[in-house]
Novice: 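Structure in structure tokens, see below.
Keep in mind the model is a prediction, meaning the values are calculated, not measured. Below, read A as the first sequence line, B as the second, and so on, with proteins coming before strands; counting in each chain starts at 1.
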Amino acid sequence: MAENKALTTRAADFSAWYNEVIARAELADYSPVRGCMVIRPNGYAIWEQMQRALDQMFKDTGHQNAYFPIFIPQSFLSREAEHVEGFAPEVAVVTHGGGKELDEPLIIRPTSETIIYAMYAKWIQSYRDLPILINQWANVVRWEMRTRLFLRTTEFLWQEGHTAHATEAEAEEETIRMLGVYRTFMEQWMAMPVITGRKTDSERFAGALRTYSCEALMQDNKALQASTSHNLGQNFARAFEVTFQTANGDLDHVWSTSWGASTRMVGALIMTHSDDLGLVCPPRLAQYQVVIVPIYKTAEERTAVMEASDRVRKELAAAGMRVHLDARDDMKPGAKYYEWEGRGVPLRLELGPRDVSSGSVVLARRTGGKKETILMEGVASAITVAMNKLQADLFQAALARREAATLRGATKEQFIAKMENEGGLVYGGFCGSAACEAEIKEQTKATIRVLPDEEFRSSVAPTKCMWCGRPSVAEAVWAKAY
RNA sequence: CGGGGCGUAGCGCAGCCCGGUUAGCGCGCCUGCUUCGGGAGCAGGAGGUCCCCGGUUCAAAUCCGGGCGCCCCGACCA
């Protein structure tokens with residue numbers, strides 16, 4: 001009985017814990033199709049909050065949404081050499097339709113660059129048509145060998161931005177801008193600290209000039225790439241003949257970018273904040289930010305308590321909060337507490353006869369801090385304060401955890417020991433050699449997550465490669481990754 | 001694709017080694033009463049192609065052969 005109720009702890013088995021948190025919170029379930037998941041209402045609600053925030057940020061930076069087909073002619077994929085090499089192995093192919101074999105097989109998009117550039121070629125003639133700033137919310141399919149709920153599923157949901165510009169500088173500026181948008185979202189909404197920077201060539205997106213990413217460290221000290229932003233240069237423009245006439249009459253290929261973030265972020269959210277009681281969701285992304293649990297025995301008490309609860313609910317809703325009054329009559333308050341904790345609700349208000357008579361209500365935080373009694377008068381502003389504090393505390397806790405798991409200026413021996421034992425992030429010099437990078441991966445399973453942007457770099461720049469001792473060309477951040 | 005584990009009620013499992021009445025247990029579910037400030041109690045009840053196919057046997061959840069599926073670890077990857 002007890003063993004059914006407690007989750008496997010993070011310390012005992014992180015993977016099992018992760019799966020159990022998802023089951024407990026009813027975020028997702030395995031589907032009849034191997035590798036595919038069903039995103040349940042509680043999980044989809046978090047995704048919707050993510051979408052809402054990101055979508056607004058995309059629009060605020062001048063982008064529009066559009067939609068392109070899920071099917072792409074197979075031949076499109078092979079037009080960009082690196083792209084086909086990168087994606088061909090994991091593409092699902094449709095060979096039949098309407099009861100007949102198709103003349104040309106269609107692939108189910110693993111990403112939409114190819115079909116989008118085929119359209120951009122039609123839409124762009126002049127520099128006056130640029131920039132084109134389009135985003136799409138879509139599902140994509142990548143036939144992965146091994147899947148995990150949210151982190152890697154055969155089909156997943158994401159957004160992919162695709163922009164075309166007249167100059168290289170503009171494209172680079174866009175690439176960096178969107179990386180910044182992701183960073184802001186992850187820090188301010190997800191309460192998840194990230195390191196931004198550039199990917200090495202071996203980790204670069206297939207077909208891109210440069211790939212940038214936001215990297216986060218999970219509670220098991222493994223890194224997770226949480227979003228990417230690519231400067232595609234003119235590679236796809238050349239492959240799809242996306243040309244435009246410049247102001248002085250020349251013909252040029254457009255400079256393009258793409259950037260994406262997926263339902264993987266839900267997995268990142270879980271592994272960043274949740275604890276052995278279940279999901280912990282930061283207030284800004286929570287389906288319900290506040291749940292009110294009424295407490296009563298008699299019918300008279302019930303009437304009074306429900307009346308007061310509903311008044312509080314209305315007041316919080318009027319203040320713009322996502323609030324839920326748990327009016328279920330067949331469940332005791334304690335059972336409700338456990339249920340909402342498992343689902344990650346940030347704040348809970350307990351309201352019983354004692355509170356009705358004293359004009360107060362008991363506030364419980366999902367993490368950090370004991371229960372406290374607050375006045376019903378001005379409850380909305382007190383809750384706002386508590387919510388903002390919880391949001392900030394979650395970020396600080398995650399940041400502190402990451403810093404504690406970070407080692408700068410490590411020697412090769414320290415690096416090897418850290419990767420073998422506790423894991424985490426290691427900053428060190430990198431010689432720039434792909435062979436050296438491959439050898440490190442081979443021997444330690446660690447990869448360069450990112451060549452960090454300036455603000456993340458160590459105060460003293462490394463002079464030698466952490467691994468081979470040759471001169472360092474850039475500081476790198478290594479970790480074992482998802 | 002390599003290694004490991006598992007398929008028995010909605011979920012989690014026992015039973016299998018050593019074949020033998022109506023296949024059990026916990027949780028959940030339904031009904032009723034009592035409960036209700038941290039996972040309620042009692043009583044009654046519903047719910048099963050024992051993953052599939054074949055074989056052995058008087059008799060198979062159990063033994064044998066084949067297949068399928070899922071989870072975990074690795075290689076691949078957002």
Novice: Looking at every strand, decide which applies to A/Thr447 at a 4.0 Å heavy-atom threshold: base, sugar-phosphate, or nothing.
Specialist: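 Answer is nothing: A/Thr447 stays at 4.0 Å or more from every strand.
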Novice: What is the pairing partner of B/C25, taking Watson-Crick or G-U wobble pairs with both distances under 3.5 Å in any strand?
Specialist: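 Result: B/G12.
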Novice: Pick base, sugar-phosphate or nothing for A/Ser15, based on heavy-atom distances below 4.0 Å to the nucleic acid.
Specialist: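 Here A/Ser15 touches the backbone only, sparing every base.
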Novice: Can you figure out which of B/C72, B/A75, B/C36 approaches the side chain of A/Ile295 most closely?
Specialist: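 Shortest atom-to-atom distance from the side chain points to B/C36.
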Novice: Ring centroid separation for A/Trp259 and A/Phe58, is it under 6.0 angstrom?
Specialist: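 Centroid separation for A/Trp259 and A/Phe58: below 6.0 Å.
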Novice: Taking the minimum atom-to-atom distance to the side chain of A/Tyr338, which one of B/G74, B/C36, B/G38 wins?
Specialist: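 Closest of the options to the side chain of A/Tyr338: B/G38.
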Novice: Mind checking if A/Arg348 touches a base, just sugar-phosphate, or nothing, with heavy atoms under 4.0 Å?
Specialist: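 A/Arg348: base contact, heavy atoms under 4.0 Å.
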Novice: In Watson-Crick or G-U wobble terms, both distances under 3.5 Å, what is the partner of B/C42?
Specialist: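 B/C42 is paired with B/G32.
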Novice: A/Tyr30 has an atom OH; how far is it from atom P of B/C11, in whole Å?
Specialist: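 Atom OH in A/Tyr30 sits about 14 Å away from atom P in B/C11.
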Novice: Closest-nucleotide mapping onto RNA chain B: is A/Val362 or A/Thr147 further toward the 5' terminus? I mean the 5' end.
Specialist: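 Closer to the 5' end of RNA chain B: A/Val362.
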Novice: After noting the C-alpha distance and the side-chain angles of A/Glu422 and A/Lys418, does the key distance pass the salt bridge (charged side-chain N to carboxylate O under 4.0 Å, His left out) rule?
Specialist: CA-CA 6 Å; A/Glu422 73 271 21; A/Lys418 191 166 170 64; 3.5 Å; yes
Novice: Partner of B/C68 by Watson-Crick or G-U wobble geometry, both contacts under 3.5 Å, or none?
Specialist: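 Across any shown strand, B/C68 pairs with B/G7.
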Novice: 5'-most contact on RNA chain B: A/Pro353 or A/Gln225, nearest heavy atom basis?
Specialist: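 Mapping each residue to its closest nucleotide by heavy atoms, the 5'-most match is A/Pro353.
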Novice: Using atom P in both nucleotides, what's the gap between B/U34 and B/C51 to the nearest angstrom?
Specialist: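 Approximately 44 Å lies between the P atom of B/U34 and that of B/C51.
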Novice: Please report the distance, rounded to the nearest Å, between CG in A/Asp326 and C1' in B/G39.
Specialist: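 Interatomic distance, CG of A/Asp326 to C1' of B/G39: 14 Å.
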Novice: For B/G19 and B/U57, measure between their C1' atoms and round to the nearest Å.
Specialist: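 9 Å, rounded to whole Å.
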Novice: With both distances under 3.5 Å as the test, what is the Watson-Crick or G-U wobble partner of B/C18?
Specialist: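 Pair assignment: B/C18 / none.
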Novice: Does any N or O donor sit under 3.5 Å from an N or O acceptor when you compare the side chain of A/Lys336 with the base of B/G37?
Specialist: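 Side chain to base: no pair below 3.5 Å.
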Novice: What integer number of Å spans the C1' atoms of B/G15 and B/G26?
Specialist: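 So the two C1' atoms sit 15 Å from each other.
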Novice: How close or far is atom C1' of B/G10 from atom CG of A/Asp29, stated in whole angstroms?
Specialist: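 For the pair A/Asp29 CG and B/G10 C1', the rounded distance is 11 Å.
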Novice: Using purine N1 to pyrimidine N3 plus N6-O4 or O6-N4 for Watson-Crick, or N1-O2 and O6-N3 for G-U wobble, each under 3.5 Å, what pairs with B/C76?
Specialist: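 When the pairing criteria are applied, nothing turns out to pair with B/C76, so the answer is none.
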Novice: Using atom P of each nucleotide, how far apart are B/G20 and B/A60 to the nearest Å?
Specialist: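 11 Å, rounded to whole Å.
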Novice: Heavy atoms from C-beta onward define the side chain here; which of B/G39, B/C76, B/G38 lies closest to that of A/Glu144?
Specialist: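 When the side chain of A/Glu144 is considered, B/C76 is the closest of B/G39, B/C76, B/G38.
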Novice: Taking only side-chain N and O atoms of A/Asn19, does any of them lie within less than 4.0 angstrom of OP1 or OP2 on B/C71?
Specialist: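 No, A/Asn19 has no side-chain N/O under 4.0 Å of OP1/OP2 on B/C71.
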Novice: Pick base, sugar-phosphate or nothing for A/Leu151, based on heavy-atom distances below 4.0 Å to the nucleic acid.
Specialist: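 If one applies the 4.0 Å heavy-atom cut-off, A/Leu151 turns out to touch a base.
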Novice: Going through the distances and angles, do A/Glu420 and A/Lys480 end up as a salt bridge (charged side-chain N to carboxylate O under 4.0 Å, His left out)?
Specialist: CA-CA 10 Å; A/Glu420 272 177 8; A/Lys480 289 194 210 173; over 6 Å; no
Novice: When we call it a touch if two heavy atoms are under 4.0 Å apart, what does A/Asp355 touch: a base, just sugar-phosphate, or nothing?
Specialist: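 Base: the residue A/Asp355, judged by heavy atoms under 4.0 Å, touches a nucleobase.
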Novice: Across all strands, who's sitting opposite B/C50 as a Watson-Crick or G-U wobble pair, both distances under 3.5 Å?
Specialist: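 Paired with no nucleotide.
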Novice: Please determine whether a side-chain nitrogen of the Lys or Arg among A/Arg204 and A/Asp201 lies less than 4.0 Å from a carboxylate oxygen of the Asp or Glu.
Specialist: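 Yes, A/Arg204 and A/Asp201 are salt-bridged.
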Novice: Using atom CE of A/Met331 as one end and atom P of B/G37 as the other, report the distance to the nearest whole Å.
Specialist: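 Taking CE of A/Met331 and P of B/G37, I get 12 Å after rounding.
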Novice: What's the gap between B/G45 and B/U49 when it is taken at their C1' atoms, as a whole Å value?
Specialist: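 Approximately 24 Å lies between the C1' atom of B/G45 and that of B/U49.
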Novice: Roughly how far apart, to the nearest Å, are B/G67 and B/C1 at atom P?
Specialist: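 It works out to 13 Å between them.
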Novice: How far does the C1' atom of B/C71 sit from the matching atom of B/G24, given to the nearest Å?
Specialist: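 One C1' to the other, the span is 25 Å.
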Novice: When the C1' atoms of B/C50 and B/G3 are compared, how many Å lie between them, rounded to an integer?
Specialist: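 Each nucleotide's C1' atom is 28 Å from the other's.
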Novice: Nearest to the side chain of A/Lys441, heavy atoms from C-beta on, is which of B/C76, B/G39, B/G38?
Specialist: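 Nearest listed nucleotide: B/C76.
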Novice: Quick check for you: among B/C76, B/G38, B/A40, whose closest atom lies nearest to any side-chain atom of A/Glu350?
Specialist: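 Ranking B/C76, B/G38, B/A40 by closest atom to the A/Glu350 side chain puts B/G38 first.
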Novice: Go through the steps to decide whether A/Glu341 and A/Arg366 satisfy the test salt bridge (charged side-chain N to carboxylate O under 4.0 Å, His left out), and finish with yes or no.
Specialist: CA-CA 6 Å; A/Glu341 277 165 0; A/Arg366 177 60 181 79; over 6 Å; no
Novice: Ring centroids only, cut at 6.0 angstrom: are A/Phe185 and A/Tyr182 within range, meaning strictly under it?
Specialist: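 No, the ring of A/Phe185 stays outside the 6.0 Å limit from the ring of A/Tyr182, centre to centre.
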Novice: For A/Tyr117 and A/Phe240, take the angle between the two ring planes, folded into 0 to 90°, and tell me which bin it lands in: parallel under 30, tilted 30 to 60, perpendicular over 60.
Specialist: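 If you compare the ring of A/Tyr117 with that of A/Phe240, the planes turn out tilted.
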Novice: By nearest atom, which of the nucleotides B/C72, B/G39, B/G38 is closest to the A/Arg148 side chain?
Specialist: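 The answer is B/C72, which lies nearest to the side chain.
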Novice: To the closest 0.5 Å, what do you measure between CZ (A/Arg313) and CD1 (A/Ile292)?
Specialist: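 Between A/Arg313 CZ and A/Ile292 CD1, I get 7.5 Å after rounding to 0.5 Å.
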Novice: Where the side chain of A/Lys332 is defined as all heavy atoms beyond and including C-beta, which of B/C71, B/A40, B/G38 is the nearest nucleotide?
Specialist: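 So the side chain of A/Lys332 is nearest to B/A40.
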Novice: Could you give the OH-to-P distance, from A/Tyr18 to B/C71, as a whole number of Å?
Specialist: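 Roughly 13 Å, once rounded to whole Å.
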Novice: In whole angstrom, give the distance that lies between atom CD1 of A/Ile292 and atom P of B/G37.
Specialist: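 Those two atoms, CD1 and P, are 18 Å apart.
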Novice: What does A/Phe156 touch in the nucleic acid at a heavy-atom separation under 4.0 angstrom: a base, only the sugar-phosphate, or nothing?
Specialist: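 Base, at least one base atom sits under 4.0 Å.
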Novice: Take the protein atom CG of A/Asp13 and the nucleotide atom C1' of B/G5, then report the distance between them rounded to whole Å.
Specialist: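 One finds 13 Å between C1' of B/G5 and CG of A/Asp13, rounded.
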Novice: Rounded to the Å, how far apart are A/Glu20 CD and B/C27 P?
Specialist: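 Checked: the CD to P distance equals 19 Å.
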Novice: B/C72, B/G37, B/G38: which one has an atom nearest the side-chain heavy atoms of A/Glu341?
Specialist: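 Among the listed nucleotides, the one closest to the side chain of A/Glu341 is B/G38.
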